[in-house]
Amino acid sequence: MNSYIESRLHMNTQDADASALGAAIAAARAEATERGLAAPSPVVGGLLSTLAASGAAAGTGTGAVAITPSAGVVGLHMLAGLPDKATVTCIDPDADRHARAKTSFRDAGYSPSRARFLPATPLDVLGRLAADSYHLIYADVEPVDMQATIDAVWPLLTRGGTLVLAQSLLDGTVADASRIDRDTIAARSANDYADSFEGAVVTRLPLDSGLTLITRR
């Protein structure tokens, strides 16, 4: 089933040639795997494209933010759903990974103006982004940084905007009460915090290592 879903992704995209986009995503994902970097599966990638497109349809903020070492994969899926002139902001401290993402975007046929790159630690720069301007933010951060990331991202979201917190369920270990290691405790606390966050709609999906979607009402 997953292979069929992957084969159908972006077949009707109009933002870039579908074959070029598919090839660029496949190459970016292969490179991430080779380098041992976590990247969203094709199923999650399709979800990101849909969420990006929903912002355009709603007429709210159309920008997106990719906080991930696999900006090539995440950014391409976002761009597939974003309007023609909307941009994706990629945040990662590694400049070499940014350079590779730039190549991926170019290979897919996107103009350099469609993306900007911030080579910095996410929590150091999120406060500099414009409030109420982003409909979609994808964050793949360490468990100990999840709660702080929720706080930093929340003001940036438009109404109806969504934070996709990747790997937030740690493959289900957050539900194992016997796990008391630092990462599990931190991820569990972040999930509890999300549930108590005023004005948020929280959804959890058993995709990849587990996603937590936090949407601003």
Side-chain angles (χ1 to χ4, degrees), residues 15-16 21 24-25 27-29 31-32 35-40 44-45 47-49 51-53 55-56 60-158 161-168 190 211-216:
D15 287 343
L21 176 60
I25 290 175
R29 179 171 284 111
E31 184 174 271
R35 294 174 174 272
L37 303 175
V44 173
L47 174 63
L48 294 177
S49 297
L51 290 172
T60 57
T62 54
V65 179
I67 305 168
T68 171
S70 300
V73 180
V74 175
L76 285 172
H77 280 295
M78 287 178 165
L79 286 168
L82 288 172
D84 286 344
K85 295 184 179 180
T87 62
V88 59
T89 298
C90 302
I91 304 176
D92 182 77
D94 192 312
D96 180 64
R97 291 198 288 253
H98 281 313
R100 294 177 184 278
K102 289 179 183 179
T103 299
S104 296
F105 297 164
R106 183 193 65 215
D107 290 347
Y110 291 109
S111 163
S113 64
R114 298 295 305 278
R116 64 171 175 166
F117 298 88
L118 303 180
T121 301
L123 289 174
D124 289 343
V125 297
L126 282 170
R128 303 177 194 171
L129 302 185
D132 195 30
S133 298
Y134 301 93
H135 191 78
L136 175 61
I137 298 178
Y138 176 93
D140 183 0
V141 298
E142 293 296 325
V144 295
D145 292 328
M146 287 180 181
Q147 184 167 322
T149 298
I150 295 172
D151 278 331
V153 162
W154 186 254
L156 309 180
L157 291 172
T158 61
T162 297
L163 164 63
V164 178
L165 198 58
Q167 305 192 72
S168 59
L211 301 179
T212 300
L213 277 59
I214 307 171
T215 300
R216 185 175 180 182

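Just so you know, residue 1 is the first one in the sequence shown, and it goes up from there. Hydrogens, waters and symmetry mates are skipped; everything else that's a heavy atom, side chains included, is used.
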Please test V65 against L156 for side chain to side chain contact (heavy atoms under 4.5 Å, CB included), starting from the C-alpha separation and ending with a verdict.
CA-CA 10 Å; V65 179; L156 309 180; 5.6 Å; no

Can you give me the closest heavy-atom contact between V88 and G75, atom names plus distance?
CG2-CA, 4.4 Å

To the nearest 0.5 Å, what is the distance between OG1 (T68) and CG (L37)?
8.0 Å

Taken to the nearest 0.5 Å, the spacing of L126 CG from T121 OG1 works out to 10.5 Å

Once rounded to the nearest 0.5 Å, what's the spacing between atom CG of L157 and atom NE2 of H135?
9.0 Å

Heavy atoms of G72 and A28 approach each other most closely as C-CB, 4.0 Å

Identify the two heavy atoms, one from L136 and one from L48, that lie closest to each other, and give their separation to 0.1 Å.
CD2-O, 3.5 Å

Please lay out, stage by stage, how W154 and I214 fare under the test side chain to side chain contact (heavy atoms under 4.5 Å, CB included).
CA-CA 9 Å; W154 186 254; I214 307 171; 3.9 Å; yes

Run R35 and R100 through side chain to side chain contact (heavy atoms under 4.5 Å, CB included) and show every step you take.
CA-CA 12 Å; R35 294 174 174 272; R100 294 177 184 278; 2.2 Å; yes

Going through the distances and angles, do R114 and F105 end up as a side chain to side chain contact (heavy atoms under 4.5 Å, CB included)?
CA-CA 9 Å; R114 298 295 305 278; F105 297 164; over 6 Å; no

To the nearest 0.5 Å, what is the distance between CD1 (I150) and OG (S168)?
8.5 Å

Nearest heavy-atom approach of A64 to M78 is CB-SD, 3.7 Å

If every non-hydrogen atom of A38 is compared with every non-hydrogen atom of S70, which pair is closest and at what distance?
O-OG, 2.6 Å

Do L76 and Y110 have side-chain heavy atoms sitting under 4.5 Å apart?
yes

Got a second to check how far D107's CG is from L21's CG, nearest 0.5 Å?
11.0 Å

Counting C-beta onward and ignoring hydrogens, is there a side-chain heavy-atom pair between L211 and L47 closer than 4.5 Å?
yes

Kindly indicate whether the side chain of T87, heavy atoms from C-beta on, has any atom under 4.5 Å from the side chain of S113.
no

Got a donor-acceptor contact below 3.5 angstrom from the S133 side chain to the A131 backbone?
yes

With no hydrogens and no angle check, is any side-chain donor or acceptor of H98 less than 3.5 Å from a backbone partner on L118?
yes

Of all heavy-atom pairs linking A139 and L163, the shortest is CB-CD1, 3.9 Å

One should read off an interatomic distance between F117 CZ and D94 CG, to the nearest 0.5 angstrom, of 12.5 Å

Output a table of donor-acceptor pairs, distance under 3.5 Å, between side-chain atoms of residues 140-149 and any protein atom two or more places apart or on a different chain; print 'none' if there are none.
unit_1: D140; atom_1: OD1; unit_2: Q167; atom_2: NE2; d: 2.9
unit_1: D140; atom_1: OD2; unit_2: Q167; atom_2: NE2; d: 3.1
unit_1: T149; atom_1: OG1; unit_2: D145; atom_2: O; d: 2.7

